[in-house]
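This report concerns only the one structure given below.
Scope of the values below: all heavy atoms of this structure, side chains included, with no hydrogens, waters or symmetry mates. Sequence lines set the chain letters: A, B, ... in the order given, protein chains first and strands last, and positions in each chain run from 1.
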2 protein chains.
Amino acid sequence: MDSKIVNLRSKMEVYNAISGGGNFADCPVRDVIQGVSGKWSSLLMMALAEHPYRFGELRRLVPDISQRMLTQTLYDLQRDGYVHREVFPTKPPSVEYSLTDLGHSMFSALHQLILWAELNHDAVRNARAGFDATQA
Amino acid sequence: MDSKIVNLRSKMEVYNAISGGGNFADCPVRDVIQGVSGKWSSLLMMALAEHPYRFGELRRLVPDISQRMLTQTLYDLQRDGYVHREVFPTKPPSVEYSLTDLGHSMFSALHQLILWAELNHDAVRNARAGFDATQA
DNA sequence: AGTGCTGGTCTCTTTTTGAGACCGACACTA
DNA sequence: TAGTGTCGGTCTCAAAAAGAGACCAGCACT
């Protein structure tokens, strides 16, 4: 029984095995992907990949993000080493966010997904519409 | 003022422009990325990219997903056209989930990010540890 | 008659997110 | 000098999403 699962030495199984007691927190892919998979992370990475932005600029660029989530998402991206935060002692003080080398490196991988999304947006929308039609 | 934002014809601006009244829902990248950026989506895509799995198999493969979220995430992936759901009239009936062509296509883009995550997991973990150290 | 397996749904609680008021320090304006 | 605006946030409260786990029908086997 469950011969597929038992026989295949797949990555999924290895991640399960690593986790040992079911904690599963050590799965490298999950650990990293979680950070990028937030609702706003990829969008902010896209913005910062172009050039550094200040807090207020990002807020205007992504109008439907709340200030709270902008702060928090930038904090998380900074914590994971993707984003650098620099405070300039102007009056009033300004804060600039920019991608680190690690951030640029990660974005180049994320970029593949973004390109795919641009190319296949219609296909996804059509699939969605077709699915909703049959379910109605 | 805000010369950077005004002068640059960046993708970000185009997405903003498209959205017109601030709705922003028509941004293709957001629309597609949202579907993949769920907590469990990428993990399930990884699993199904290997070979089809049944509901219970997926549940055992990803032990810390709730049955509710497994159902819902698979439903969403199916709706977006990434996953095919097939019911076999065995007793008890079994349900098999597999990637569609669109799903495989999307996964090949997502795969770049996964590979990056595997390669750079340590760098991210170190950044995180260093950041937490300075914040403590 | 009882137990187990299948793939779910339903309800309840906890966590995450969103909306928006509020903050101090300074500049500019009237 | 008092009022207004900008900066980058934090704080509180309500709404939405996710997690935990009970429950379900249908059939097989004991």
Side-chain angles (χ1 to χ4, degrees), chain A residues 1-5 19 22-25 30 33-44 47-48 52-79 83-98 135, chain B residues 1-6 22-25 30 33-44 47-48 52-79 83-98 135:
Chain A
M1 65 290 275
D2 279 346
S3 59
K4 289 178 191 169
I5 291 187
S19 71
N23 182 306
F24 218 69
R30 286 187 68 171
I33 297 286
Q34 293 286 25
V36 196
S37 75
K39 181 171 181 180
W40 304 105
S41 313
S42 53
L43 211 53
L44 293 179
L48 295 176
Y53 276 110
R54 290 177 48 188
F55 187 87
E57 290 175 329
L58 287 171
R59 206 157 64 83
R60 284 187 291 276
L61 203 55
V62 187
D64 57 347
I65 191 174
S66 67
Q67 214 160 358
R68 205 181 70 87
M69 285 312 291
L70 181 54
T71 303
Q72 185 175 311
T73 306
L74 286 171
Y75 182 91
D76 291 343
L77 291 176
Q78 187 191 357
R79 193 172 97 97
V83 161
H84 172 70
R85 177 178 183 273
E86 187 157 9
V87 182
F88 294 100
T90 57
K91 308 151 198 164
S94 64
V95 181
E96 189 180 79
Y97 293 91
S98 56
Q135 298 301 72
Chain B
M1 65 294 277
D2 280 345
S3 59
K4 291 177 192 170
I5 291 188
V6 172
N23 182 306
F24 219 70
R30 286 187 68 170
I33 296 286
Q34 293 285 26
V36 197
S37 74
K39 181 171 180 180
W40 304 106
S41 313
S42 52
L43 211 54
L44 293 179
L48 295 176
Y53 276 110
R54 289 176 49 187
F55 187 87
E57 291 175 329
L58 287 171
R59 206 159 63 86
R60 284 187 292 276
L61 204 56
V62 187
D64 57 347
I65 192 175
S66 67
Q67 214 159 357
R68 203 181 71 87
M69 286 314 291
L70 181 55
T71 302
Q72 186 176 311
T73 306
L74 287 171
Y75 182 91
D76 291 343
L77 291 175
Q78 187 192 357
R79 193 172 97 97
V83 161
H84 172 70
R85 177 177 184 273
E86 188 157 8
V87 182
F88 295 100
T90 56
K91 308 151 198 163
S94 64
V95 180
E96 189 181 80
Y97 292 90
S98 57
Q135 298 301 75

Without placing hydrogens or testing angles, list every side-chain donor-acceptor pair under 3.5 Å for residues 65-72 of chain B, not counting sequence neighbours.
residue  : atom : partner  : partner atom : Å
Ser66(B) : OG   : Met69(B) : N            : 3.2
Thr71(B) : OG1  : Gln67(B) : O            : 3.0

Requested in this report: Produce a footprint string for nucleotides 17-26 of chain D: one letter per nucleotide, 5' end first; B if the base is under 4.0 Å from any protein heavy atom, S if only the sugar-phosphate is, - if neither.
Outcome: -BBB-----B
Requested in this report: Using only side-chain N and O atoms of Arg54(B), determine if any of them is under 4.0 Å from OP1 or OP2 of dG8(C).
Outcome: no
Query raised in the report: Can a side chain N or O of Tyr53(B) be found less than 4.0 Å away from OP1 or OP2 on dG7(C)?
Result: no
Report summary line: In short, Ser41(B) meets Val36(B) closest at the heavy-atom pair CB-O, 3.5 Å
**Report entry** Minimum-distance pair of heavy atoms, taken over all atoms of Thr90(B) and Pro92(B)
**Finding:** OG1-O, 2.9 Å
Expressed in angstrom and rounded to an integer, what is the separation of [X] atom [atom1] from [N] atom [atom2]?
| X | N | atom1 | atom2 | value |
| --- | --- | --- | --- | --- |
| Phe55(A) | dG8(D) | CZ | C1' | 6 Å |
| Gln78(A) | dG8(D) | CD | P | 15 Å |
| Glu96(A) | dG9(D) | CD | C1' | 17 Å |
| Arg60(A) | dG9(D) | CZ | P | 14 Å |
| Leu74(A) | dG9(D) | CG | C1' | 11 Å |
| Gln34(A) | dT15(C) | CD | C1' | 14 Å |
| Arg59(B) | dG8(C) | CZ | P | 11 Å |
| Tyr97(B) | dT6(C) | OH | P | 14 Å |

Query raised in the report: Below 4.5 Å, heavy atoms only, C-beta onward: do Ile33(A) and Leu43(B) meet side chain to side chain?
Result: no
Requested in this report: Measure the shortest side-chain to side-chain distance between Leu58(A) and Leu74(A) over non-hydrogen atoms and say whether it is less than 4.5 angstrom.
Outcome: yes
Query raised in the report: So what does Phe88(B) hit on the nucleic acid, given a heavy-atom distance under 4.0 Å: a base, only sugar-phosphate, or nothing?
Result: nothing
Report task. Answer with base, sugar-phosphate or nothing: what part of the nucleic acid does Tyr75(B) contact at a heavy-atom distance below 4.0 Å? Result -> nothing
Look up atom [atom1] in [X] and atom [atom2] in [Y], then write down how far apart they are to the nearest 0.5 Å.
| X | Y | atom1 | atom2 | value |
| --- | --- | --- | --- | --- |
| Phe55(A) | Arg60(A) | CZ | CZ | 11.0 Å |
| Leu48(A) | Glu57(A) | CG | CD | 10.0 Å |
| Lys39(A) | Arg30(B) | NZ | CZ | 6.5 Å |

Query raised in the report: Once you build an axis from the first five pairs and another from the last five of the helix from dA1(C)-dT30(D) to dA30(C)-dT1(D), how far apart in angle are they, to 10 degrees?
Result: 20°
Report task. Sequence neighbours left out, what passes side chain to side chain donor-acceptor pair (under 3.5 Å) with Arg85(A)? Give chain and number order. Result -> Tyr97(A)
